[in-house]
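These notes concern the structure reproduced below.
By convention in this document, chain letters (A, B, ...) are assigned in the order of the sequence lines, proteins followed by strands, and residues within each chain are numbered from 1.
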There are 2 protein chains.
Amino acid sequence: MSDKPQTRIQAKNRAAILTAGLDTFSQFGFRGSTLDQIAEAAGLSKPNLLYYFPSKDAIYTALLERLLDTWLDPLIAMNADGDPIEEIMSYAMRKLEMSRDYPRESRLFANEILQGAPHIAGHLSGDLRKLVDEKAVVIRGWAAAGKIADVDPHHLIFSIWSLTQHYADFDVQVRAVLGKDDWYADAGAHLDGLLRARLLPG
Amino acid sequence: MSDKPQTRIQAKNRAAILTAGLDTFSQFGFRGSTLDQIAEAAGLSKPNLLYYFPSKDAIYTALLERLLDTWLDPLIAMNADGDPIEEIMSYAMRKLEMSRDYPRESRLFANEILQGAPHIAGHLSGDLRKLVDEKAVVIRGWAAAGKIADVDPHHLIFSIWSLTQHYADFDVQVRAVLGKDDWYADAGAHLDGLLRARLLPG
DNA sequence: CGTTCGTTTGACCAGTTGGTCAAATCAAGA
DNA sequence: TCTTGATTTGACCAACTGGTCAAACGAACG
(Lines give C-alpha, C1' and ligand atoms only; values in the text may rest on other atoms or scores of the structure.)
Protein backbone atom coordinates (compact mmCIF):
# COMPACT_ATOMS: atom_id res chain seq x y z
CA MET A 1 0.00 0.00 0.00
CA SER A 2 1.80 3.09 1.24
CA ASP A 3 5.55 2.69 0.98
CA LYS A 4 6.94 5.13 3.48
CA PRO A 5 10.73 5.15 3.53
CA GLN A 6 12.01 2.59 6.02
CA THR A 7 15.18 2.82 8.05
CA ARG A 8 17.39 -0.27 8.18
CA ILE A 9 16.32 -0.93 11.73
CA GLN A 10 12.67 -0.68 10.81
CA ALA A 11 13.11 -3.09 7.95
CA LYS A 12 14.99 -5.51 10.17
CA ASN A 13 12.49 -5.42 13.01
CA ARG A 14 9.44 -5.62 10.81
CA ALA A 15 10.96 -8.62 9.07
CA ALA A 16 11.76 -10.24 12.42
CA ILE A 17 8.19 -9.70 13.59
CA LEU A 18 6.73 -11.15 10.43
CA THR A 19 8.96 -14.19 10.66
CA ALA A 20 8.08 -14.70 14.31
CA GLY A 21 4.41 -14.21 13.51
CA LEU A 22 4.60 -16.72 10.70
CA ASP A 23 6.16 -19.28 13.01
CA THR A 24 3.55 -18.73 15.67
CA PHE A 25 0.36 -18.18 13.68
CA SER A 26 1.10 -21.10 11.37
CA GLN A 27 1.34 -23.42 14.34
CA PHE A 28 -1.34 -22.15 16.70
CA GLY A 29 -3.69 -20.18 14.48
CA PHE A 30 -4.74 -16.61 15.11
CA ARG A 31 -6.59 -17.05 18.37
CA GLY A 32 -4.12 -19.56 19.70
CA SER A 33 -1.16 -17.22 19.32
CA THR A 34 -0.20 -14.50 21.78
CA LEU A 35 1.67 -11.26 21.35
CA ASP A 36 4.11 -12.26 24.09
CA GLN A 37 4.92 -15.42 22.16
CA ILE A 38 5.53 -13.51 18.94
CA ALA A 39 7.49 -10.78 20.69
CA GLU A 40 9.77 -13.30 22.34
CA ALA A 41 10.32 -15.16 19.07
CA ALA A 42 11.18 -11.87 17.42
CA GLY A 43 13.56 -10.90 20.20
CA LEU A 44 11.57 -7.78 21.07
CA SER A 45 9.50 -6.58 23.99
CA LYS A 46 5.75 -6.54 23.54
CA PRO A 47 5.40 -2.75 23.53
CA ASN A 48 8.26 -2.58 21.07
CA LEU A 49 6.46 -5.00 18.83
CA LEU A 50 3.36 -2.83 19.01
CA TYR A 51 5.51 0.11 17.96
CA TYR A 52 5.96 -1.50 14.56
CA PHE A 53 2.52 -3.03 14.12
CA PRO A 54 -0.59 -1.43 15.60
CA SER A 55 -2.19 -4.71 16.67
CA LYS A 56 -2.03 -8.48 16.64
CA ASP A 57 -4.53 -8.47 13.83
CA ALA A 58 -2.30 -6.18 11.75
CA ILE A 59 0.58 -8.66 11.92
CA TYR A 60 -1.68 -11.51 10.92
CA THR A 61 -3.26 -9.55 8.09
CA ALA A 62 0.13 -8.44 6.78
CA LEU A 63 1.25 -12.06 6.69
CA LEU A 64 -1.88 -13.21 4.90
CA GLU A 65 -1.61 -10.51 2.27
CA ARG A 66 2.03 -11.23 1.61
CA LEU A 67 1.09 -14.89 1.31
CA LEU A 68 -1.79 -14.39 -1.08
CA ASP A 69 0.45 -12.32 -3.33
CA THR A 70 2.75 -15.25 -4.00
CA TRP A 71 0.58 -18.27 -3.29
CA LEU A 72 -1.20 -18.28 -6.62
CA ASP A 73 1.79 -17.39 -8.79
CA PRO A 74 2.32 -20.99 -9.93
CA LEU A 75 -1.29 -21.26 -11.05
CA ILE A 76 -1.12 -17.91 -12.82
CA ALA A 77 2.01 -19.14 -14.58
CA MET A 78 0.13 -22.06 -16.13
CA ASN A 79 0.29 -21.16 -19.78
CA ALA A 80 -2.55 -21.91 -22.19
CA ASP A 81 -0.08 -22.01 -25.08
CA GLY A 82 2.33 -24.49 -23.54
CA ASP A 83 2.22 -28.26 -23.74
CA PRO A 84 -0.91 -29.17 -21.76
CA ILE A 85 0.38 -32.12 -19.78
CA GLU A 86 3.70 -30.46 -19.04
CA GLU A 87 1.97 -27.25 -17.98
CA ILE A 88 -0.21 -29.13 -15.50
CA MET A 89 2.65 -31.31 -14.29
CA SER A 90 5.01 -28.45 -13.70
CA TYR A 91 2.27 -26.57 -11.88
CA ALA A 92 1.87 -29.56 -9.57
CA MET A 93 5.62 -29.86 -9.10
CA ARG A 94 5.96 -26.18 -8.31
CA LYS A 95 3.26 -26.56 -5.68
CA LEU A 96 5.10 -29.54 -4.21
CA GLU A 97 8.29 -27.50 -4.05
CA MET A 98 6.38 -24.82 -2.19
CA SER A 99 5.24 -27.38 0.36
CA ARG A 100 8.88 -28.29 0.86
CA ASP A 101 10.25 -24.75 0.89
CA TYR A 102 7.40 -22.79 2.51
CA PRO A 103 5.60 -25.16 4.88
CA ARG A 104 4.82 -22.41 7.37
CA GLU A 105 3.04 -20.38 4.73
CA SER A 106 1.06 -23.45 3.75
CA ARG A 107 0.05 -24.10 7.35
CA LEU A 108 -0.85 -20.47 7.92
CA PHE A 109 -3.20 -20.68 4.98
CA ALA A 110 -4.57 -24.03 6.15
CA ASN A 111 -5.27 -22.61 9.59
CA GLU A 112 -7.08 -19.64 8.13
CA ILE A 113 -9.26 -21.84 5.93
CA LEU A 114 -9.94 -24.33 8.71
CA GLN A 115 -11.29 -21.52 10.83
CA GLY A 116 -13.68 -20.54 8.08
CA ALA A 117 -11.43 -18.03 6.31
CA PRO A 118 -12.69 -15.06 8.38
CA HIS A 119 -10.02 -12.73 7.02
CA ILE A 120 -10.00 -13.78 3.37
CA ALA A 121 -13.52 -14.98 2.61
CA GLY A 122 -13.89 -12.21 0.06
CA HIS A 123 -10.65 -13.15 -1.61
CA LEU A 124 -11.75 -16.77 -2.00
CA SER A 125 -15.00 -15.99 -3.75
CA GLY A 126 -13.42 -13.08 -5.63
CA ASP A 127 -9.86 -13.22 -6.96
CA LEU A 128 -9.33 -16.90 -6.33
CA ARG A 129 -12.56 -18.06 -7.86
CA LYS A 130 -12.00 -15.88 -10.92
CA LEU A 131 -8.50 -17.21 -11.43
CA VAL A 132 -9.57 -20.82 -11.03
CA ASP A 133 -12.48 -20.34 -13.41
CA GLU A 134 -10.13 -18.87 -16.00
CA LYS A 135 -7.74 -21.78 -15.75
CA ALA A 136 -10.65 -24.20 -15.80
CA VAL A 137 -11.59 -22.83 -19.21
CA VAL A 138 -8.05 -23.45 -20.42
CA ILE A 139 -8.02 -27.00 -19.10
CA ARG A 140 -11.43 -27.71 -20.56
CA GLY A 141 -10.10 -26.43 -23.89
CA TRP A 142 -7.16 -28.81 -23.74
CA ALA A 143 -9.52 -31.69 -23.06
CA ALA A 144 -11.86 -30.68 -25.87
CA ALA A 145 -8.89 -30.55 -28.24
CA GLY A 146 -7.93 -34.09 -27.21
CA LYS A 147 -4.60 -32.94 -25.76
CA ILE A 148 -5.45 -34.38 -22.35
CA ALA A 149 -8.05 -36.83 -21.13
CA ASP A 150 -11.45 -35.49 -20.18
CA VAL A 151 -11.31 -34.34 -16.59
CA ASP A 152 -13.25 -31.99 -14.31
CA PRO A 153 -10.95 -28.92 -14.23
CA HIS A 154 -12.04 -27.63 -10.84
CA HIS A 155 -11.61 -30.94 -9.11
CA LEU A 156 -8.32 -31.51 -10.91
CA ILE A 157 -7.07 -28.27 -9.38
CA PHE A 158 -8.42 -29.27 -5.97
CA SER A 159 -6.54 -32.54 -6.36
CA ILE A 160 -3.27 -30.78 -7.03
CA TRP A 161 -3.80 -28.45 -4.09
CA SER A 162 -4.65 -31.24 -1.68
CA LEU A 163 -1.99 -33.68 -2.84
CA THR A 164 0.80 -31.15 -2.56
CA GLN A 165 -0.26 -29.13 0.49
CA HIS A 166 -0.82 -32.33 2.42
CA TYR A 167 2.94 -32.80 2.68
CA ALA A 168 3.37 -29.41 4.33
CA ASP A 169 0.21 -29.30 6.44
CA PHE A 170 0.34 -32.90 7.67
CA ASP A 171 4.11 -33.01 7.77
CA VAL A 172 4.18 -34.49 11.28
CA GLN A 173 1.94 -37.34 10.23
CA VAL A 174 3.80 -37.96 6.99
CA ARG A 175 7.13 -38.17 8.78
CA ALA A 176 5.74 -40.36 11.55
CA VAL A 177 4.22 -42.85 9.11
CA LEU A 178 7.18 -42.93 6.74
CA GLY A 179 9.65 -43.12 9.60
CA LYS A 180 11.89 -40.65 7.82
CA ASP A 181 12.03 -36.92 7.25
CA ASP A 182 12.69 -36.79 3.54
CA TRP A 183 9.48 -37.24 1.59
CA TYR A 184 10.11 -34.88 -1.29
CA ALA A 185 11.62 -37.14 -3.96
CA ASP A 186 9.20 -40.03 -3.45
CA ALA A 187 6.21 -37.71 -3.28
CA GLY A 188 7.29 -36.08 -6.52
CA ALA A 189 7.62 -39.39 -8.32
CA HIS A 190 4.28 -40.59 -6.99
CA LEU A 191 2.50 -37.37 -7.88
CA ASP A 192 3.95 -37.48 -11.37
CA GLY A 193 2.68 -41.01 -11.92
CA LEU A 194 -0.72 -40.33 -10.43
CA LEU A 195 -1.51 -37.23 -12.47
CA ARG A 196 0.06 -38.38 -15.72
CA ALA A 197 -1.97 -41.61 -15.72
CA ARG A 198 -5.15 -39.59 -15.48
CA LEU A 199 -4.19 -36.90 -17.96
CA LEU A 200 -2.80 -38.91 -20.86
CA PRO A 201 -5.39 -38.77 -23.63
CA GLY A 202 -6.86 -41.78 -25.35
CA MET B 1 -11.66 -46.97 29.86
CA SER B 2 -13.66 -47.22 33.07
CA ASP B 3 -17.36 -47.53 32.38
CA LYS B 4 -19.04 -46.37 35.54
CA PRO B 5 -22.81 -46.53 35.30
CA GLN B 6 -24.15 -43.29 33.90
CA THR B 7 -27.48 -41.72 34.70
CA ARG B 8 -29.56 -40.46 31.79
CA ILE B 9 -28.74 -36.91 32.70
CA GLN B 10 -25.04 -37.66 32.82
CA ALA B 11 -25.14 -39.32 29.43
CA LYS B 12 -27.11 -36.42 27.97
CA ASN B 13 -24.85 -33.70 29.37
CA ARG B 14 -21.64 -35.45 28.53
CA ALA B 15 -22.87 -35.90 24.99
CA ALA B 16 -23.88 -32.24 24.78
CA ILE B 17 -20.45 -31.17 26.01
CA LEU B 18 -18.64 -33.39 23.54
CA THR B 19 -20.76 -32.09 20.69
CA ALA B 20 -20.16 -28.50 21.74
CA GLY B 21 -16.47 -29.22 22.15
CA LEU B 22 -16.31 -30.79 18.71
CA ASP B 23 -17.93 -27.72 17.17
CA THR B 24 -15.58 -25.37 18.93
CA PHE B 25 -12.27 -27.22 18.87
CA SER B 26 -12.67 -28.21 15.23
CA GLN B 27 -13.07 -24.58 14.27
CA PHE B 28 -10.65 -22.76 16.57
CA GLY B 29 -8.21 -25.43 17.66
CA PHE B 30 -7.39 -26.25 21.26
CA ARG B 31 -5.79 -23.00 22.30
CA GLY B 32 -8.25 -20.90 20.36
CA SER B 33 -11.29 -22.37 22.10
CA THR B 34 -12.59 -21.27 25.49
CA LEU B 35 -14.54 -23.09 28.15
CA ASP B 36 -17.17 -20.35 28.15
CA GLN B 37 -17.67 -20.87 24.43
CA ILE B 38 -18.09 -24.62 24.86
CA ALA B 39 -20.30 -24.24 27.91
CA GLU B 40 -22.61 -21.86 26.11
CA ALA B 41 -22.80 -24.11 23.05
CA ALA B 42 -23.64 -27.01 25.34
CA GLY B 43 -26.30 -25.01 27.17
CA LEU B 44 -24.54 -25.35 30.52
CA SER B 45 -22.78 -23.05 32.93
CA LYS B 46 -19.01 -23.23 33.02
CA PRO B 47 -18.81 -24.74 36.53
CA ASN B 48 -21.46 -27.23 35.51
CA LEU B 49 -19.37 -28.21 32.52
CA LEU B 50 -16.40 -28.74 34.81
CA TYR B 51 -18.55 -31.01 36.93
CA TYR B 52 -18.65 -33.47 34.05
CA PHE B 53 -15.12 -33.05 32.73
CA PRO B 54 -12.23 -32.16 35.02
CA SER B 55 -10.59 -29.77 32.55
CA LYS B 56 -10.57 -28.29 29.09
CA ASP B 57 -7.85 -30.71 28.17
CA ALA B 58 -10.00 -33.66 29.26
CA ILE B 59 -12.77 -32.68 26.86
CA TYR B 60 -10.31 -32.32 24.02
CA THR B 61 -8.59 -35.60 24.81
CA ALA B 62 -11.91 -37.43 25.05
CA LEU B 63 -12.86 -36.14 21.63
CA LEU B 64 -9.54 -37.12 20.08
CA GLU B 65 -9.73 -40.64 21.50
CA ARG B 66 -13.26 -41.13 20.30
CA LEU B 67 -12.13 -39.90 16.91
CA LEU B 68 -9.10 -42.14 16.61
CA ASP B 69 -11.25 -45.13 17.44
CA THR B 70 -13.35 -44.68 14.32
CA TRP B 71 -11.10 -42.72 12.01
CA LEU B 72 -9.07 -45.65 10.80
CA ASP B 73 -11.91 -48.14 10.53
CA PRO B 74 -12.17 -47.78 6.75
CA LEU B 75 -8.47 -48.51 6.31
CA ILE B 76 -8.69 -51.49 8.67
CA ALA B 77 -11.59 -52.76 6.60
CA MET B 78 -9.46 -52.91 3.46
CA ASN B 79 -9.36 -56.62 2.82
CA ALA B 80 -6.32 -58.36 1.38
CA ASP B 81 -8.55 -61.10 -0.04
CA GLY B 82 -10.95 -58.82 -1.89
CA ASP B 83 -10.63 -57.48 -5.39
CA PRO B 84 -7.61 -55.14 -5.20
CA ILE B 85 -8.89 -52.22 -7.21
CA GLU B 86 -12.34 -52.36 -5.66
CA GLU B 87 -10.86 -52.58 -2.17
CA ILE B 88 -8.79 -49.46 -2.72
CA MET B 89 -11.61 -47.63 -4.44
CA SER B 90 -14.17 -48.36 -1.78
CA TYR B 91 -11.67 -47.30 0.87
CA ALA B 92 -11.30 -43.98 -0.90
CA MET B 93 -15.05 -43.62 -1.28
CA ARG B 94 -15.65 -44.40 2.37
CA LYS B 95 -13.15 -41.69 3.29
CA LEU B 96 -14.93 -39.25 1.01
CA GLU B 97 -18.23 -40.09 2.69
CA MET B 98 -16.63 -39.38 6.01
CA SER B 99 -15.55 -35.95 4.79
CA ARG B 100 -19.17 -35.32 3.86
CA ASP B 101 -20.72 -36.79 7.01
CA TYR B 102 -18.12 -35.96 9.67
CA PRO B 103 -16.40 -32.74 8.59
CA ARG B 104 -15.95 -31.54 12.16
CA GLU B 105 -14.06 -34.67 13.10
CA SER B 106 -11.86 -34.22 10.05
CA ARG B 107 -11.12 -30.62 10.97
CA LEU B 108 -10.46 -31.52 14.60
CA PHE B 109 -7.87 -33.99 13.41
CA ALA B 110 -6.43 -31.51 10.92
CA ASN B 111 -6.07 -28.90 13.64
CA GLU B 112 -4.29 -31.33 15.92
CA ILE B 113 -1.84 -32.35 13.19
CA LEU B 114 -1.27 -28.76 12.08
CA GLN B 115 -0.23 -27.89 15.61
CA GLY B 116 2.33 -30.68 15.59
CA ALA B 117 0.09 -33.42 17.00
CA PRO B 118 1.03 -32.67 20.63
CA HIS B 119 -1.65 -34.98 22.02
CA ILE B 120 -1.32 -37.90 19.61
CA ALA B 121 2.30 -37.92 18.47
CA GLY B 122 2.74 -41.36 20.00
CA HIS B 123 -0.30 -42.67 18.23
CA LEU B 124 1.00 -41.52 14.87
CA SER B 125 4.34 -43.25 15.12
CA GLY B 126 2.78 -46.23 16.90
CA ASP B 127 -0.67 -47.58 15.98
CA LEU B 128 -1.05 -45.55 12.82
CA ARG B 129 2.34 -46.31 11.40
CA LYS B 130 1.91 -50.01 12.13
CA LEU B 131 -1.47 -50.11 10.44
CA VAL B 132 -0.25 -48.25 7.37
CA ASP B 133 2.81 -50.46 7.09
CA GLU B 134 0.60 -53.55 7.22
CA LYS B 135 -1.65 -52.27 4.48
CA ALA B 136 1.38 -51.19 2.47
CA VAL B 137 2.50 -54.81 2.43
CA VAL B 138 -0.90 -55.86 1.12
CA ILE B 139 -0.86 -53.22 -1.61
CA ARG B 140 2.69 -54.10 -2.58
CA GLY B 141 1.57 -57.72 -2.85
CA TRP B 142 -1.26 -56.76 -5.17
CA ALA B 143 1.18 -54.87 -7.37
CA ALA B 144 3.69 -57.72 -7.38
CA ALA B 145 0.92 -60.07 -8.45
CA GLY B 146 0.04 -57.76 -11.33
CA LYS B 147 -3.44 -57.06 -9.95
CA ILE B 148 -2.78 -53.34 -9.85
CA ALA B 149 -0.16 -51.08 -11.41
CA ASP B 150 3.09 -50.59 -9.53
CA VAL B 151 2.61 -47.78 -7.05
CA ASP B 152 4.23 -46.55 -3.85
CA PRO B 153 1.80 -47.82 -1.18
CA HIS B 154 2.55 -45.19 1.45
CA HIS B 155 2.15 -42.30 -0.93
CA LEU B 156 -0.96 -43.87 -2.41
CA ILE B 157 -2.49 -43.86 1.05
CA PHE B 158 -1.36 -40.27 1.61
CA SER B 159 -3.02 -39.40 -1.69
CA ILE B 160 -6.32 -40.90 -0.60
CA TRP B 161 -6.15 -39.11 2.74
CA SER B 162 -5.35 -35.75 1.23
CA LEU B 163 -7.78 -35.96 -1.68
CA THR B 164 -10.71 -36.87 0.54
CA GLN B 165 -10.00 -34.85 3.67
CA HIS B 166 -9.43 -31.76 1.57
CA TYR B 167 -13.17 -31.52 0.95
CA ALA B 168 -13.90 -31.39 4.67
CA ASP B 169 -10.92 -29.36 5.86
CA PHE B 170 -10.97 -26.79 3.05
CA ASP B 171 -14.73 -26.85 2.70
CA VAL B 172 -14.99 -23.05 2.74
CA GLN B 173 -12.53 -22.74 -0.12
CA VAL B 174 -14.10 -25.55 -2.13
CA ARG B 175 -17.55 -24.00 -1.85
CA ALA B 176 -16.26 -20.50 -2.63
CA VAL B 177 -14.43 -21.65 -5.76
CA LEU B 178 -17.18 -23.94 -7.01
CA GLY B 179 -19.86 -21.38 -6.24
CA LYS B 180 -22.08 -24.12 -4.88
CA ASP B 181 -22.35 -26.16 -1.70
CA ASP B 182 -22.71 -29.62 -3.13
CA TRP B 183 -19.34 -31.05 -4.06
CA TYR B 184 -19.87 -34.68 -3.11
CA ALA B 185 -21.06 -36.27 -6.36
CA ASP B 186 -18.54 -34.52 -8.60
CA ALA B 187 -15.70 -35.14 -6.18
CA GLY B 188 -16.61 -38.83 -6.07
CA ALA B 189 -16.61 -39.15 -9.83
CA HIS B 190 -13.34 -37.28 -10.14
CA LEU B 191 -11.66 -39.30 -7.42
CA ASP B 192 -12.82 -42.52 -9.02
CA GLY B 193 -11.35 -41.55 -12.36
CA LEU B 194 -8.10 -40.27 -10.89
CA LEU B 195 -7.32 -43.34 -8.82
CA ARG B 196 -8.58 -45.91 -11.28
CA ALA B 197 -6.39 -44.51 -14.08
CA ARG B 198 -3.34 -44.96 -11.88
CA LEU B 199 -4.25 -48.37 -10.49
CA LEU B 200 -5.32 -50.25 -13.60
CA PRO B 201 -2.54 -52.73 -14.38
CA GLY B 202 -0.78 -52.99 -17.70
C1' DC C 1 27.94 20.08 23.54
C1' DG C 2 22.71 20.13 22.96
C1' DT C 3 18.79 19.14 20.16
C1' DT C 4 15.87 16.22 17.76
C1' DC C 5 13.60 12.27 16.51
C1' DG C 6 13.40 7.38 16.09
C1' DT C 7 13.43 3.58 19.28
C1' DT C 8 12.83 0.90 23.59
C1' DT C 9 10.93 -0.20 27.93
C1' DG C 10 8.72 -0.76 32.74
C1' DA C 11 4.59 -0.06 34.78
C1' DC C 12 0.12 -0.36 34.18
C1' DC C 13 -4.92 -1.44 32.77
C1' DA C 14 -9.34 -3.62 31.80
C1' DG C 15 -11.09 -7.76 30.08
C1' DT C 16 -10.66 -12.72 29.62
C1' DT C 17 -8.89 -17.20 30.78
C1' DG C 18 -9.12 -21.93 33.13
C1' DG C 19 -10.45 -23.45 37.29
C1' DT C 20 -12.31 -23.62 42.49
C1' DC C 21 -15.68 -23.81 46.11
C1' DA C 22 -19.31 -23.48 49.25
C1' DA C 23 -23.89 -23.06 49.03
C1' DA C 24 -28.17 -23.88 46.81
C1' DT C 25 -31.28 -26.83 44.18
C1' DC C 26 -33.25 -31.01 42.59
C1' DA C 27 -34.81 -35.85 42.17
C1' DA C 28 -35.92 -40.11 44.05
C1' DG C 29 -36.28 -43.46 47.38
C1' DA C 30 -37.39 -44.79 52.37
C1' DT D 1 -42.58 -36.40 54.55
C1' DC D 2 -37.57 -36.49 55.20
C1' DT D 3 -33.08 -37.79 53.68
C1' DT D 4 -29.51 -38.53 50.67
C1' DG D 5 -26.80 -37.93 46.86
C1' DA D 6 -26.57 -36.04 42.32
C1' DT D 7 -26.67 -31.66 40.00
C1' DT D 8 -26.31 -26.65 39.36
C1' DT D 9 -24.76 -22.13 40.23
C1' DG D 10 -22.95 -17.37 41.78
C1' DA D 11 -19.04 -15.54 43.57
C1' DC D 12 -14.51 -15.71 43.34
C1' DC D 13 -9.33 -16.20 42.07
C1' DA D 14 -4.72 -15.98 40.05
C1' DA D 15 -2.71 -15.94 35.65
C1' DC D 16 -2.77 -14.22 31.24
C1' DT D 17 -4.62 -11.43 27.33
C1' DG D 18 -4.14 -7.37 23.94
C1' DG D 19 -3.05 -2.91 24.35
C1' DT D 20 -1.54 1.97 26.42
C1' DC D 21 1.57 5.49 27.96
C1' DA D 22 4.88 8.38 29.86
C1' DA D 23 9.43 8.19 30.52
C1' DA D 24 13.90 6.79 29.15
C1' DC D 25 17.35 5.73 25.72
C1' DG D 26 19.98 6.20 21.33
C1' DA D 27 22.20 8.08 17.48
C1' DA D 28 22.96 11.57 14.20
C1' DC D 29 23.43 16.19 13.22
C1' DG D 30 24.17 21.14 14.01
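- Ring geometry for A:Phe25 versus A:Tyr60: interplanar angle over 60°, hence perpendicular rather than tilted (30 to 60°).
- Note on ring orientation: taking the six-membered ring where Trp is involved, the planes of B:His166 and B:Phe170 are parallel (angle under 30°, cut-offs 30° and 60°).
- No cation-pi contact links A:Arg100 to A:Tyr167, judged by a cut-off of 6.0 Å to the six-membered ring centre and 45° from its axis.
- In this pair, B:Trp71 and B:Phe109 present their aromatic rings tilted. The plane angle is within the 30 to 60° band.
- Taking 4.0 Å as the cutoff to heavy atoms of chain A, we find the contact window on DNA chain D bounded by D:dT17 to D:dC21.
- For A:Gln10 and C:dT8, the CD to C1' distance is 13 Å, given to the nearest whole Å.
- Going from atom CD of B:Gln37 over to atom P of C:dT17 covers 8 Å, rounded to whole Å.
- Nearest-nucleotide positions on DNA chain C place A:Asn48 closer to the 5' end than the other of A:Asn48 and B:Phe30.
- Contact of the A:Asn111 side chain with the A:Leu108 side chain is not registered, since no non-hydrogen atoms from C-beta on lie closer than 4.5 Å.
- The phosphate of C:dT9 (OP1 or OP2) has a side-chain N or O of A:Ser45 nearer than 4.0 angstrom.
- Across the protein-nucleic acid pair, A:Leu50 atom CG and C:dC13 atom P stand 18 Å apart, rounded to whole Å.
- Among the atoms of the strands shown, none is found under 4.0 Å from any heavy atom of A:Phe53.
- Here the P atom of nucleotide C:dA24 and the OH atom of B:Tyr51 are 18 Å apart, to the nearest Å.
- Two residues, B:Ile9 and B:Pro47, neighbour DNA chain D, and the one matched to the more 5' nucleotide by heavy-atom proximity is B:Ile9.
- Among the atoms of the strands shown, only primed sugar atoms or phosphate atoms (P, OP1, OP2) are found under 4.0 Å from some heavy atom of A:Leu35.
- We find that CG of A:Asp36 is positioned 14 Å from C1' of C:dT16, with the value rounded to whole Å.
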**Message:** One pair to check against ring-ring contact (aromatic ring centres under 6.0 Å, His included): B:Phe30 and B:His119. What are the steps and the verdict?
**Reply:** CA-CA 10 Å; B:Phe30 179 72; B:His119 295 79; 5.6 Å; yes

